[in-house]
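In what follows, a structure is listed as structure tokens, so that the remarks can point back to it.
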Amino acid sequence: MTFVVLENCIRCKYTDCVEVCPVDCFHEGPNFLVIDPDECIDCSLCEPECPVQAIVPEDEVPEGQEHFIELNAELSRQWPVITRRKDPPPDAASWDGQPDKLKHLQK
């Protein structure tokens, strides 16, 4: 099993999770993070670090967000690894909990 980054990360992109990852499985895009399912060791350290609760175990992905499992796998092959925390976007807090953020994903 692996962990999955969900829609609420889009445009929030807090990076608190990447510093606790022991295997560097996070990859960074312009406004979203993803987890490489082949690198994730299911340690669960990242999940409580996400201030917007956008990381869940694969078997707990909410109904309607199942496509994020494949999206994490796909984008992790394209985007570079991130291992250090960065400041979130200035408007990150205003995006927390906003619905239908997938249309804002920048690849």
Side-chain angles (χ1 to χ4, degrees):
M1 187 177 67
T2 185
F3 279 76
V4 178
V5 181
L6 301 175
E7 183 175 35
N8 203 39
C9 180
I10 297 171
R11 297 205 64 168
C12 288
K13 199 173 97 169
Y14 291 96
T15 57
D16 305 61
C17 52
V18 302
E19 285 198 324
V20 299
C21 181
V23 294
D24 301 336
C25 68
F26 281 91
H27 293 253
E28 179 185 26
N31 66 351
F32 185 54
L33 299 175
V34 294
I35 293 174
D36 181 342
D38 295 328
E39 292 294 324
C40 180
I41 60 170
D42 192 29
C43 70
S44 76
L45 293 173
C46 59
E47 185 180 20
E49 295 300 316
C50 180
V52 295
Q53 292 78 44
I55 301 173
V56 298
E58 182 177 13
D59 63 352
E60 294 180 24
V61 170
E63 185 176 329
Q65 292 202 41
E66 297 91 348
H67 57 283
F68 278 90
I69 297 170
E70 181 56 36
L71 189 63
N72 274 246
E74 173 192 331
L75 296 177
S76 69
R77 292 187 292 269
Q78 299 172 26
W79 290 347
V81 171
I82 177 174
T83 59
R84 295 185 188 262
R85 185 184 177 283
K86 296 180 178 180
D87 290 334
D91 62 346
S94 68
W95 284 97
D96 182 14
Q98 293 294 319
D100 303 317
K101 290 174 31 172
L102 187 57
K103 62 188 172 198
H104 298 285
L105 177 62
Q106 298 173 358
K107 293 184 184 181

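As a basis for the values below, the full set of heavy atoms in this structure was taken, side chains included, without hydrogen atoms, waters or symmetry mates.
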Calculate, to the nearest 0.5 Å, the distance between atoms [atom1] and [atom2] belonging to [X] and [Y] respectively.
X	Y	atom1	atom2	value
Lys13	Asn8	NZ	CG	15.0 Å
Asp59	Thr2	CG	OG1	10.5 Å
Asp24	Thr83	CG	OG1	5.5 Å
Phe32	Cys9	CZ	SG	5.5 Å
Glu74	Trp79	CD	CH2	9.0 Å

So, for Arg77 and Glu70, which heavy atoms are closest and what is the spacing to 0.1 Å?
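Taking every non-hydrogen atom into account, NH2-OE2, 3.8 Å.
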Using modelled atom types and a 3.5 Å cut-off, is there a donor and acceptor pairing between side-chain atoms of [X] and backbone atoms of [Y]?
X	Y	result
Lys101	Trp95	yes
Gln65	Glu7	yes
Glu66	Gly64	yes

Hey, are the side chains of [X] and [Y] touching, using non-hydrogen atoms and a 4.5 Å cut-off?
X	Y	result
Lys107	Leu71	yes
Phe3	Ser44	yes
Pro89	Asn31	no
Leu75	Leu105	yes
Lys86	Glu28	yes
Phe26	Val5	yes

Identify which one of Ile55, Val61, Val52 satisfies the side chain to side chain contact (heavy atoms under 4.5 Å, CB included) criterion when paired with Leu6.
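Between Leu6 and the candidates, side chain to side chain contact (heavy atoms under 4.5 Å, CB included) is satisfied uniquely by Val61.
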Between Pro57, Cys21, Cys46, Cys25, which is the residue that forms a side chain to side chain contact (heavy atoms under 4.5 Å, CB included) with Cys40?
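Passing option: Cys25.
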